[in-house]
Amino acid sequence: MLKHVTRTHTCGQLRAEHIGTPVVLQGWVSAVRDRGGVAFAVLRDRFGSVQITVDERSTDAARAAVKGVRLEYVLQVEGTVQARAEGAVNNKMESGDIEVIATSIQILSRTQPLPFVLDDRGESALEETRLRNRFLDLRRPLLQHNLRVRHVAAQAARGFLNGTEFLEIETPVLTRATPEGARDYLVPSRVHPGSWYALPQSPQLFKQLLMVGGFDRYYQIARCFRDEDLRLDRQPEFTQIDIEISFPSRELVMEVAEGVANAMWEATLGEGVGTIPVLSYADAMDLYGVDAPDRRFEMTLHTLSALLHEATFPPVRSALDAGGVIRGFTVKGAAAGSSRKVLDAWTAFVKEYGLGGLMWGKVAAEGVISGPAAKAIPEEVREAVLAELGAEDGDVILLGAGELRHVNPGLGRLRVHIAKERDLIPEGTFAFCWVVDFPLFEKADDGSWTSVHHPFTAPRPEHIPLFGTDRMGEMLSDSYDLVCNGSEIGGGSIRIHDPVVQAQVFEALGISETEQQEKFGFLLNALSYGAPPHGGLAFGFDRCVMLLTGATSIRDVIAFPKTTSAQDLLSGAPARVPTKDLDDLHVRSTK
RNA sequence: GGGGUGGUAGUUAAGUUGGUUAUAACGCCGGCCUGUCACGCCGGAGGCCGCGGGUUCAAGUCCCGUCCAUCCCGCCA
């Protein structure tokens with residue numbers, strides 16, 4: 001216990017058991033109700049709020065002081081906890097059985113007129129206004145709660161890792177730029193004209209160096225930086241729980257990750273994550289069309305290419321002739337409620353993902369289909385198609401035709417879109433799964449190979465002979481993503497610790513030896529000095545906290561977030577600096 | 001880089017086929033009120049309708065551009 005605290009209690013802790021207790025409270029005024037002879041104020045702090053009452057039992061000084069009290073003033077109140085009179089009890093308030101009869105009200109701080117009303121009446125200010133005045137927004141119970149959950153989750157993760165022999169070690173924030181991946185944030189060097197530091201996209205290389213350095217279980221709650229366009233769940237700087245283990249198996253890394261996830265969920269929600277099913281990447285794509293499936297609901301995808309191989313309907317025919325696929329899924333009971341407007345909106349939705357269109361069909365009695373899908377499905381296979389899709393009278397079937405790389409994301413995202421639209425997703429549930437066995441490489445638009453994960457990801461040992469063959473696209477990696485409710489919350493892999501294999505990967509990626517030495521020489525060099533087998537993963541901590549709090553935006557789980565154009569509206573960053581400062585850094589702006 | 005939505009008192013919103021002095025609620029200022037609890041009642045102040053052009057006798061309203069916020073595509077190993 002701290003010895004020098006001036007408050008005796010928090011606003012949120014007072015209950016009937018405190019009746020008769022003299023208290024000193026400090027907090028913000030969240031409501032004032034002056035009835036003339038008697039006045040009330042609600043005093044709020046991090047822990048909750050309590051009604052302060054000024055009446056004939058109060059001192060004259062308190063009665064005078066309350067006249068000057070306004071919303072969001074900061075007060076120190078002295079008084080005594082009393083039971084509220086019968087009929088004056090407020091059941092909507094946790095401390096509604098009691099009130100504090102004030103004997104002294106001291107205004108510690110006043111406020112200018114507020115830029116927005118700080119209440120949770122549903123109508124809140126535009127996000128722009130709230131971000132510009134983040135210090136006020138943070139007082140709202142929602143953000144108070146979210147940041148508390150964030151703290152509890154971080155401590156729970158630390159607790160689990162500390163208890164299993166992990167060491168928390170910091171790695172540099174000023175580091176060097178590496179090729180591939182996201183754009184780097186760069187920092188010019190004053191001492192070395194023309195040279196630049198990069199902020200880390202993740203501590204990846206350093207954690208591998210720590211393994212070579214003998215710290216066989218490392219973790220860090222690390223800030224990461226990526227200069228890419230933002231989204232609902234992406235910020236330019238974000239936080240990872242970064243983990244690396246020497247002498248791992250895939251099962252060990254997954255066990256550690258499950259331990260961390262379980263600790264976070266247990267500590268914040270009181271319920272752990274349970275047994276997490278494992279799904280291959282191939283199965284995830286096949287069933288859900290995406291590599292981070294939302295498994296809180298069914299509505300899985302089915303492949304119809306073989307059944308429809310004799311179809312003549314042009315979209316189907318041309319897709320098949322071009323080596324594409326026909327896939328589809330069923331929306332149960334949707335035929336009645338799906339107007340042309342709804343179906344057109346679904347069609348527009350899949351077009352955003354590069355799909356030419358959506359062949360919908362309403363299923364009626366005896367399997368009669370109406371709509372474009374009817375033309376796509378030859379009569380002789382109609383029943384077989386409906387059976388494959390599990391479609392019956394009253395359902396809507398949705399088919400997509402084209403290249404697999406368009407059909408899967410289009411239908412996969414539509415599946416989730418429709419589930420949200422039709423309220424098919426149970427609230428407050430968490431459907432975790434592991435997705436494993438990702439491809440090692442994928443073809444870029446220019447035909448070159450790129451890493452699906454990153455260049456240090458180990459191939460599955462049995463696939464190593466495929467290097468340099470025309471079957472490189474079939475190589476799988478020893479990697480694993482942790483997925484919850486359609487969101488990738490963690491990912492990692494077993495790393496390459498054999499310099500020969502590492503060289504094969506670089507060769508496959510078309511990274512020359514010169515470039516390898518220049519960009520990663522320090523890692524490759526380290527790996528040649530007795531590198532232990534190692535592997536690990538990183539949690540996207542912000543996304544975990546989003547799930548734990550039900551936040552609808554990543555900005556609601558970060559104290560001082562940036563806008564989608566990467567500005568901090570509070571501080572005004574990024575900002576221009578005096579030319580002299582640029583001169584010192586040997587930099588000149590072209591704008 | 002592309003597309004959708006939004007920007008009107010401090011805040012949140014309304015504003016009709018383009019037409020008199022741009023409304024309301026909350027907040028703010030002044031007053032009244034002894035049991036309120038989103039207290040209530042009376043009165044008041046408060047506007048570059050995001051910004052810049054254009055059409056028109058007339059623009060918050062129509063057109064073009066631009067900035068900001070937000071959501072999505074691309075991007076994010």
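Order of the sequence lines sets the chain letters (A, B, ...), proteins ahead of strands, with each chain counted from 1. No experiment lies behind these values; they were computed from the predicted model shown.
A heavy-atom distance below 4.5 Å is not found between the side chains of A:Leu232 and A:Ile554.
Among B:U11, B:G27, B:C68, the nucleotide with an atom closest to any side-chain atom of A:Leu71 is B:G27. Here the nucleotide nearest the side chain of A:Thr53, chosen from B:C72, B:U11, B:G35, is B:G35. In this structure, the nucleotide among B:G35, B:C39, B:C68 sitting nearest to the side chain of A:Arg33 is B:C39. Closest approach to the A:Glu352 side chain among B:C71, B:C73, B:G35 is made by B:C73 (side chain taken as heavy atoms from C-beta onward). The listed nucleotides are B:G1, B:C73, B:G35; the one nearest the side chain of A:Asp229 is B:G1. The side chain of A:Val38 sits closest to B:G35 out of B:C76, B:G35, B:C72. Looking at the side chain of A:Thr564, the nearest of the listed nucleotides B:C71, B:U34, B:A69 is B:C71. Which of B:C37, B:G10, B:C33 sits closest to the side chain of A:Pro115 comes down to B:G10.
Residue A:Arg70 places at least one side-chain N or O closer than 4.0 Å to OP1 or OP2 of B:C29. For the pair A:Arg130 and B:A69, the criterion of a side-chain N or O lying under 4.0 Å from OP1 or OP2 is not met. Between A:Arg555 and B:C71 there is a side-chain N or O to OP1 or OP2 distance below 4.0 Å. Distances shown here put every side-chain N or O of A:Lys351 at or beyond 4.0 Å from the OP1 or OP2 atom of B:C73. For B:C37, the OP1/OP2 oxygens have no side-chain nitrogen or oxygen of A:Ser49 closer than 4.0 Å. Distances shown here put a side-chain N or O of A:Arg413 below 4.0 Å from the OP1 or OP2 atom of B:C73. Listed pair A:Arg35 / B:G35 meets the phosphate criterion, a side-chain N or O lying under 4.0 Å from OP1 or OP2.
Nucleic acid contact for A:Gln567: sugar-phosphate only, since backbone atoms but no base atoms lie under 4.0 Å from a heavy atom of the residue. Residue-level contact check: A:Ala31 touches the backbone only, with heavy atoms under 4.0 Å from sugar-phosphate atoms and none from bases. When heavy atoms are screened at a 4.0 angstrom cut-off, A:Thr563 is found touching the sugar-phosphate backbone but no base atom. Among the protein residues, A:Val452 comes within range of the sugar-phosphate backbone only, with heavy atoms under 4.0 Å from sugar or phosphate atoms but none that close to a base. Within the nucleic acid shown, A:Gln51 comes within 4.0 Å of at least one base atom, counting heavy atoms only. Among the protein residues, A:Arg231 comes within range of the nucleic acid bases, having at least one heavy atom under 4.0 Å from a base atom. Residue contacts shown for A:Ser565 are limited to sugar-phosphate atoms, with no base heavy atom under 4.0 Å away. Across all strands shown, A:Asp227 has no heavy atoms under 4.0 Å from either base or sugar-phosphate atoms. The residue A:Phe456 sits apart from the nucleic acid: no heavy atom pair falls under 4.0 Å. Nucleic acid contact for A:Pro113: none, since no nucleic acid atom lies under 4.0 Å from a heavy atom of the residue. Here A:Glu99 lies in heavy-atom contact (under 4.0 Å) with a base.
Here B:C28 sits opposite B:G44 as a Watson-Crick or G-U wobble pair (both hydrogen-bonding atom distances under 3.5 Å). Base pairing of B:C57: its partner is B:G19, meeting the Watson-Crick or G-U wobble criterion (both donor-acceptor distances under 3.5 Å). Across all strands shown, B:C68 is found opposite B:G6 as a Watson-Crick or G-U wobble partner, with both distances under 3.5 Å.
One cannot find a donor-acceptor pair under 3.5 Å joining the base of B:G74 and the side-chain atoms of A:Arg234. A:Arg226 contributes no side-chain N or O that forms a donor-acceptor pair with the base of B:C75 under 3.5 Å.
Between A:Phe349 and A:His417, the ring planes lie parallel to each other; the angle is under 30°, not in the 30° to 60° tilted range.
Comparing the C1' positions of B:C75 and B:A9 gives an interatomic distance of 41 Å, to the nearest angstrom. Comparing B:A13 with B:U56, their P atoms sit 35 Å apart, to the nearest whole Å. Nucleotides B:U16 and B:U11 are separated by 26 Å at their C1' atoms, to the nearest Å. Remark: the separation of the C1' atoms in B:C67 and B:G74 is 23 Å, to the nearest Å. On the P atoms, B:G52 is 15 Å away from B:A59, given to the nearest whole Å. Separating the C1' atom of B:U23 from that of B:C62 is a span of 23 Å, rounded to the nearest Å. A gap of 26 Å separates the P atoms of B:A58 and B:U66, to the nearest Å.
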Requested in this report: Starting from the C-alpha separation in whole Å, work towards a yes-or-no answer on salt bridge (charged side-chain N to carboxylate O under 4.0 Å, His left out) for A:Arg226 and A:Glu228.
Outcome: CA-CA 6 Å; A:Arg226 295 178 190 177; A:Glu228 293 293 345; over 6 Å; no
Query raised in the report: So A:Phe506 and A:Phe520, ring-ring contact (aromatic ring centres under 6.0 Å, His included) or not? Walk me through it.
Result: CA-CA 11 Å; A:Phe506 282 135; A:Phe520 308 109; 5.2 Å; yes
Requested in this report: Could you walk me through whether A:Tyr480 and A:Phe438 pass the ring-ring contact (aromatic ring centres under 6.0 Å, His included) test, one step at a time?
Outcome: CA-CA 7 Å; A:Tyr480 27 78; A:Phe438 279 76; 9.4 Å; no
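Remark: ring of A:Phe116 does not overlap the six-membered base ring of B:U11 in a stacked fashion, as centroids less than 5.5 Å apart with planes less than 30° apart are not both met.
Between the side chain of A:His9 and the backbone N or O of A:Val23, no donor-acceptor pair lies under 3.5 Å. Proximity of a side-chain donor or acceptor of A:His18 to a complementary backbone N or O of A:Arg15 within less than 3.5 Å is detected.
Screening A:Ile496, A:Leu466, A:Leu476 against A:Pro459 for a side-chain contact (heavy atoms from CB on, under 4.5 Å) leaves a single residue, A:Ile496.
If you find the closest nucleotide of RNA chain B to A:Phe40 and to A:Val32, the one lying nearer the 5' end belongs to A:Phe40.
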